[in-house]
Amino acid sequence: MSPILEVENLKVRYAGATSDAVRGISFTLGRERLGIVGESGSGKSTVGRALLKLLPGATISADRLRFEDIDLNGLSERQMLSVRGRRMSMILQDPKFSLNPIRRVGDQVAETYLRHFDVSRSAARERALAMLAAVKIRDPERVYGQYPHEISGGMGQRVMIAMMLLADPDLVIADEPTSALDVTVRLQVLDILDGLVRERGIGLIMISHDLNLVRNFCDRVLIMYAGRVVETLSAADLDHAEHPYTRGLLAAQPRIGGPRRPLAVLDRKPDWLEEKA
Amino acid sequence: MPFHSLRIGRAAGQAGSIAVTLLGLLMLTFFIGRMMPADPVRAMVGEDATRETYEQVYRALGLDRPLWEQFFYYLGDVATGNFGTSIRTGQPVIKDILHVMPATIELATFAILIGALLGIPMGVLAAVNKERWPDHVIRVLSLMGHSMPIFWTGMIALIVFYAHLGLVGGSGRMDQFYIGLVDERTGFLLIDSLMAGEMDVFWSALNHLILPASLLGYSSAAYITRMTRSFMLDQLGQEYVTTARVKGLSRAQTIWLHAFGNIRVQLVTIVALAYGSLLEGAVLIETVFAWPGFGQYLTSNLIIGDMNAVMTCVLIVGVIFIGLNLFSDLLYRFFDPRTR
């Protein structure tokens with residue numbers, strides 16, 4: 001199986017920063033679900049945005065940045081416009097902020113299709129309605145005409161998924177897709193995303209700080225620390241992680257019904273900053 | 001439907017708040033009239049009048065009644081459109097104001113159009129190119145518009161564009177030659193001349209209007225640009241802008257199809273306020289350009305203490321602002337689904 005995405009020595013530096021936010025990471029992605037886990041500031045979201053080249057002012061460099069038949073490294077902004085949304089898209093964290101408050105949600109979904117296919121508005125509308133049904137929205141016609149403030153967070157995130165999968169991309173990056181949702185609707189939303197990704201054979205990168213979520217929904221996990229990948233392992237082997245940082249993350253998780261003692265505190269050794277996985 | 005009763009309730013609430021504001025405004029103008037050191041009786045009867053004449057007029061004006069009773073008389077007068085007589089011209093105040101107001105409205109409307117059409121795109125351009133050269137150029141231009149005194153730019157502009165280049169008309173609302181040629185029907189010279197079919201007068205009026213309107217427009221544009229820039233920068237940092245980019249929209253599409261819609265409400269507010277302050281009259285520019293407008297009228301009456309005229313002017317300015325606020329409230333509903 002040829003990989004969808006090959007990344008070699010990716011580095012990102014924000015404008016005006018004195019050091020890199022992502023310091024040379026490498027990974028490949030097949031038609032699988034890859035989790036990227038790390039604490040805040042580890043650079044995991046930056047990786048997602050760098051792949052879409054959506055980091056205004058930042059410098060992105062890589063020895064190799066291959067996405068299917070496209071060399072992302074040499075692509076101009078103009079060429080990126082036909083990649084974003086169509087070939088690669090991203091589900092953002094909180095529908096309260098990631099949907100435009102003054103436009104009907106259905107029109108926002110249909111817009112993805114209109115940008116990439118030469119179709120009439122009514123055809124795009126039909127597509128969007130079908131996609132809203134596919135993310136298990138019961139009354140798509142009604143929801144289509146609603147504004148973001150009129151729908152719930154779970155519903156908003158389904159709209160987001162519909163919007164980002166509508167043009168049938170090959171790779172979807174989900175950046176903390178459920179951390180703004182109530183615990184009760186998290187699983188529903190994840191199931192919908194998971195079902196669609198499997199059914200359509202889409203590659204998924206799930207960026208999260210939630211180890212259990214990644215364990216359940218991903219095939220493979222990258223553990224990031226301070227802009228580097230410290231460990232890569234399959235989700236099933238997470239409990240057998242070798243790197244002390246990963247072990248530390250696992251130990252810092254509370255367990256329901258477990259013994260009530262203070263949780264382990266993360267240890268951060270300076271020599272982890274320089275090692276490579 | 002609960003929807004409808006909600007809407008009616010809101011309209012009633014709004015009408016109520018307008019009524020209260022108006023009443024407050026009337027109280028304010030009434031007390032301005034009473035507190036001012038100017039003596040309306042003396043102004044009418046003259047310095048040499050006998051004590052009897054003075055007393056007689058004093059009573060005729062109702063000044064011997066208690067203050068609250070006088071206030072009710074004042075309310076009744078205002079309600080029937082009687083705003084008193086101007087001491088200076090001997091005409092009903094309202095007639096004088098109806099004569100000067102169209103000149104100011106014409107000037108202010110052109111100025112705000114120029115200001116908004118120039119200021120909004122410049123503000124967006126500056127925000128999009130933050131900290132790059134277009135932003136710097138626009139910021140300098142807007143700072144200049146803010147800080148140059150308008151009477152000075154007015155005079156310089158007259159010297160350059162009128163005296164030297166002869167591109168525009170000089171002071172006044174039209175060339176001397178045309179004065180009195182067109183009947184005053186609406187008071188708006190551009191409309192009156194068009195209605196009379198006098199194209200020469202129309203062009204002359206437009207020619208005289210363009211320079212003062214551009215100068216006022218430039219100084220409102222300076223303000224509108226700065227505000228638009230900061231509103232836009234606010235929106236460009238929002239997540240929905242990222243969403244639009246992820247979908248494959250270009251920067252320009254994202255700005256005009258997504259971000260701009262979200263600053264319209266704020267823009268309406270500041271443009272309406274800028275328009276209001278232009279309608280209040282631009283005394284300096286009206287003086288430099290010998291423009292017979294509201295600002296000059298108010299100022300000259302303040303100086304000679306013609307209280308009926310001043311009170312009415314204050315009332316009109318208040319009503320203008322209430323009206324503009326109401327108008328922008330209505331536009332909010334139109335622009336922002338969350339307020340419906």
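Owing to the predicted nature of the structure, the values given are computational and were not obtained by experimental measurement. Residue numbers start from 1 in every chain, and the chains themselves are labelled A, B, ... in the order their sequence lines are given, proteins ahead of strands.
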Nearest 0.5 Å please: distance from the [atom1] atom of [X] over to the [atom2] atom of [Y].
X: Leu257(B); Y: Arg103(A); atom1: CG; atom2: CZ; result: 6.0 Å
X: Gln93(A); Y: Thr242(B); atom1: CD; atom2: OG1; result: 12.0 Å
X: Leu99(A); Y: His258(B); atom1: CG; atom2: NE2; result: 10.5 Å
X: Gln108(A); Y: Lys247(B); atom1: CD; atom2: NZ; result: 5.5 Å
X: Arg84(A); Y: Ser250(B); atom1: CZ; atom2: OG; result: 10.0 Å

If you count every heavy atom of other residues, nucleotides or ligands that lies below 6.0 Å from [X] atom [atom1], does the total exceed 12?
X: Arg87(A); atom1: CZ; result: yes
X: Arg226(B); atom1: CZ; result: no
X: Arg333(B); atom1: CZ; result: yes
X: Phe117(A); atom1: CZ; result: yes

Part of [X] within contact of chain B (heavy atom distance under 4.5 Å):
X: Met164(A); result: side chain
X: Met80(A); result: neither
X: Ile102(A); result: both
X: Arg78(A); result: neither
X: Phe97(A); result: both
X: Leu52(A); result: side chain

So do Met163(A) and Val246(B) actually touch side chain to side chain, heavy atoms under 4.5 Å? no
Residue pair [X] / [Y]: nearest heavy atoms and the distance that separates them:
X: Leu81(A); Y: Leu249(B); answer: CD2-O, 3.7 Å
X: Pro337(B); Y: Pro101(A); answer: CG-O, 3.7 Å
X: Asn262(B); Y: Asn100(A); answer: ND2-OD1, 2.8 Å

Part of Gln253(B) lying under 4.5 Å from any heavy atom of chain A: side chain
Chain A heavy atoms under 4.5 Å from Arg251(B): which part of the residue, side chain, backbone, both or neither?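 Contact with chain A is absent: no heavy atom of Arg251(B) under 4.5 Å.
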Check: Ser98(A) main-chain N/O paired with Thr243(B) side-chain donor or acceptor under 3.5 Å: yes
Could you check which of Pro148(A), Ser82(A), Gly85(A) has the highest count of heavy-atom pairs closer than 4.5 Å to chain B?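 That would be Gly85(A).
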